[in-house]
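Contents: one structure, followed by commentary.
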Amino acid sequence: MAKIVALTAYFYQAAVAFGLLIAVAHLLSPSDYAGYSLFISISQFAAIFCFEWIRFACSRFYPGQREGSEASERKALTVEFFACAVLCILAGVASILFGVPPEVALLGGLVAVLQGASDLHLTMLRFRQQFRAFSRLQGSRATILAAGTLVGAAVSPTFTFTVAGLLAGYVGYSLLAFLLTRGVLQESASFDKALVRKHFVYGSVAAGASVVGILAPLGLKSILTASLGAEGAAGALLALDLLQRPFILIVSALQAIQYPDVVAHYDRDGETPALRHRLGEYYSLLTGFTLMTAAGIFALLQPVGYFVVSAGLRDGFLAAAPFVTGLAVFRAITLNMLPTPAHLRHRLLSIFLLSVADCLLLNGGTLAAGHLISASSGALMAGGMVGAFIAMLIGIRVLLSLPFDFIWQPVVLSAAGLAVPVLATAGFDYSLWISVGAGIVGGAVFCMLGLHSYFTRMFRLQAAS
């Protein structure tokens, strides 16, 4: 039951994030929104660059395999975080020397530190199986950050005030998280340098892959802005911000409730038939729910574009959105599902090279499309989608390195649920409501059949085992 509550918190966060982006896009001018979008990407990159290796080490080693190891692991993680927080702030200050405005450097450094702290804290709660506290804080963080951002934008609809509101939200959430969990993690231990070395060796390579992964959309945004200008790229940037987020949150939700069990089973029993079954369930869930998410986006794409997105961003958004959705599907699978065997076996080079391939092919495809087709938002994003697809094909080799028993039926039904709204969209010029209605009804039928297949097949197999 607690896992279901945790899953609900992710869906709530997705809904809040969707509403926030729409509201901010309406409140800010296209140029200010482009600056806000780039700031969010850069601060996320800074948080990943400085702190992601600690979070990866936490997800692989915390709370530890033996009794009494949790306090030592937590002590090492805490020391690592504070050391990296100092480096992050110093890097923000140093960026002023390279022409970054002081207020942007300060806001960016503080947002990156507080984002890294909240992500690590939530990861520790999740791997301690404290799903109720995790879900409460996950939902609270989404609400508080959205409220702070909107208040800042409402006070003054400028880039600086909007980002200052985001920072205020992080401060408020940090205080709430401290008050709610101050009595949960009390056991103390001495600092163990050996644990830091272990964390750094695994975490740095895994985080290096994440840094490259965040560089991919950051590079994509830079290409769009350079090719189309800040105002011309704003619609495509909104599509990137808006449509990638549901995939990130859905995949994160499924990983939150499934991946800790996969790791524990692999560490305890090794490569057994039971692990093959667990991996097959895990991969099937990730693939099927990714396809269902894409089906929902395609079904609602046209009405969202025409009735929700502001007029100044609408054309660029609608031109880029279908290709952004396809790109997001391929990258969700490539970066989250395909490297799973490499994470379990600590094959760090495979993790890193797959992320590099995704980044190079995504941005290379975008640049190629700009030169070969046209420098329009639709053409550029189509090239990026092709590059992401090629990277996914390369990554399948990594996935197949560890045997698994894939559950096909719900995935096939989910794929059919995606195909219906995609095909219905082709008739949009004829009638908006016929196209949307056919996509929603047809897609919903197949997706519901896919969900029913998951419940009957997977839960029945779990009960039998």
Side-chain angles (χ1 to χ4, degrees), residues 1-19 135 139 242-258 277-305 307-308 321-322 324-326 328-330 332-333 336-337 404-428 431-464:
M1 184 62 186
K3 288 186 177 182
I4 295 175
V5 174
L7 188 61
T8 303
Y10 275 100
F11 287 114
Y12 172 76
Q13 182 180 352
V16 171
F18 180 89
S135 59
L242 194 64
L243 302 181
Q244 288 191 104
R245 190 175 296 271
F247 294 96
I248 295 171
L249 293 174
I250 292 297
V251 169
S252 297
L254 293 173
Q255 286 182 323
I257 63 175
Q258 292 288 327
H277 172 66
R278 284 184 179 273
L279 284 173
E281 287 185 340
Y282 178 54
Y283 296 158
S284 179
L285 280 170
L286 286 177
T287 306
F289 274 81
T290 298
L291 295 175
M292 289 182 197
T293 302
I297 289 174
F298 263 103
L300 299 174
L301 202 53
Q302 299 294 349
V304 167
F307 302 119
V308 178
V324 171
T325 304
V329 169
F330 301 142
I333 293 173
N336 296 284
M337 187 178 86
F404 57 91
D405 298 324
F406 197 75
I407 301 176
W408 281 101
Q409 186 185 67
V411 175
V412 172
L413 290 169
S414 301
L418 171 60
V420 171
V422 169
L423 294 175
T425 302
F428 166 67
S431 172
L432 170 64
W433 295 114
I434 291 176
S435 173
V436 171
I440 291 176
V441 173
V445 168
F446 282 105
C447 288
M448 291 301 294
L449 289 173
L451 288 172
H452 179 265
S453 179
Y454 277 123
F455 278 108
T456 56
R457 293 175 62 87
M458 292 181 60
F459 290 175
R460 186 180 302 155
L461 288 171
Q462 287 177 1

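We use all heavy atoms of the structure for the numbers below, so side chains are in, but hydrogens, waters and symmetry mates are not.
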Original post:
Is there a donor-acceptor pair closer than 3.5 Å between any side-chain N or O of Thr325 and the backbone N or O of Ala321?
Top reply: yes

Original post:
Are Ile250 and Thr290 side-chain neighbours, meaning at least one heavy-atom pair lies under 4.5 Å?
Top reply: no

Original post:
Could you state the interatomic distance from CD (Gln255) to CG (Asn336), rounded to the nearest 0.5 Å?
Top reply: 4.5 Å

Original post:
Would a 4.5 Å heavy-atom cut-off, applied to side chains only, mark Phe404 and Arg278 as touching?
Top reply: no

**OP:** Determine the minimum heavy-atom distance between Gly443 and Pro421, stating which atoms define it.
**Re:** CA-CD, 4.2 Å

**OP:** With rounding to the nearest 0.5 Å, note down the distance linking CZ in Phe298 to CG in Leu243.
**Re:** 9.0 Å

**OP:** Please assess Ile333 against Leu286 for the test side-chain contact (heavy atoms from CB on, under 4.5 Å), listing each intermediate value before the final yes or no.
**Re:** CA-CA 8 Å; Ile333 293 173; Leu286 286 177; over 6 Å; no

Original post:
Thr287 side chain to Tyr283 main-chain N or O, any donor-acceptor pair under 3.5 Å?
Top reply: yes

**OP:** Could you walk me through whether Leu451 and Met292 pass side-chain contact (heavy atoms from CB on, under 4.5 Å), step by step?
**Re:** CA-CA 9 Å; Leu451 288 172; Met292 289 182 197; 3.9 Å; yes

Original post:
Does the Tyr12 side chain pair with the main chain of Ser135, one donor and one acceptor, at a distance under 3.5 Å?
Top reply: no

Original post:
Looking only at heavy atoms, what is the nearest atom pair of Ser453 and Pro410, with distance?
Top reply: OG-CD, 3.3 Å

Original post:
Closest approach of Ser284 and Ile407, non-hydrogen atoms and distance?
Top reply: OG-O, 2.9 Å

**OP:** Flag the pair Leu418 / Phe446 as yes when at least one side-chain heavy-atom distance between them is below 4.5 Å, and no otherwise.
**Re:** no

**OP:** For residues Ile440 and Ala299, report the shortest heavy-atom separation together with the two atoms involved.
**Re:** CG1-CB, 3.8 Å

**OP:** For Tyr282 and Leu254, work out which heavy atoms get closest and say how close.
**Re:** CE1-O, 4.5 Å

Original post:
Under the ring-ring contact (aromatic ring centres under 6.0 Å, His included) test, which residues partner Phe330, sequence neighbours left out?
Top reply: Phe389

Subject >> Closest approach of Leu242 to Pro246 (non-hydrogen atoms, all atoms of both residues) >> reply: O-CD, 3.0 Å

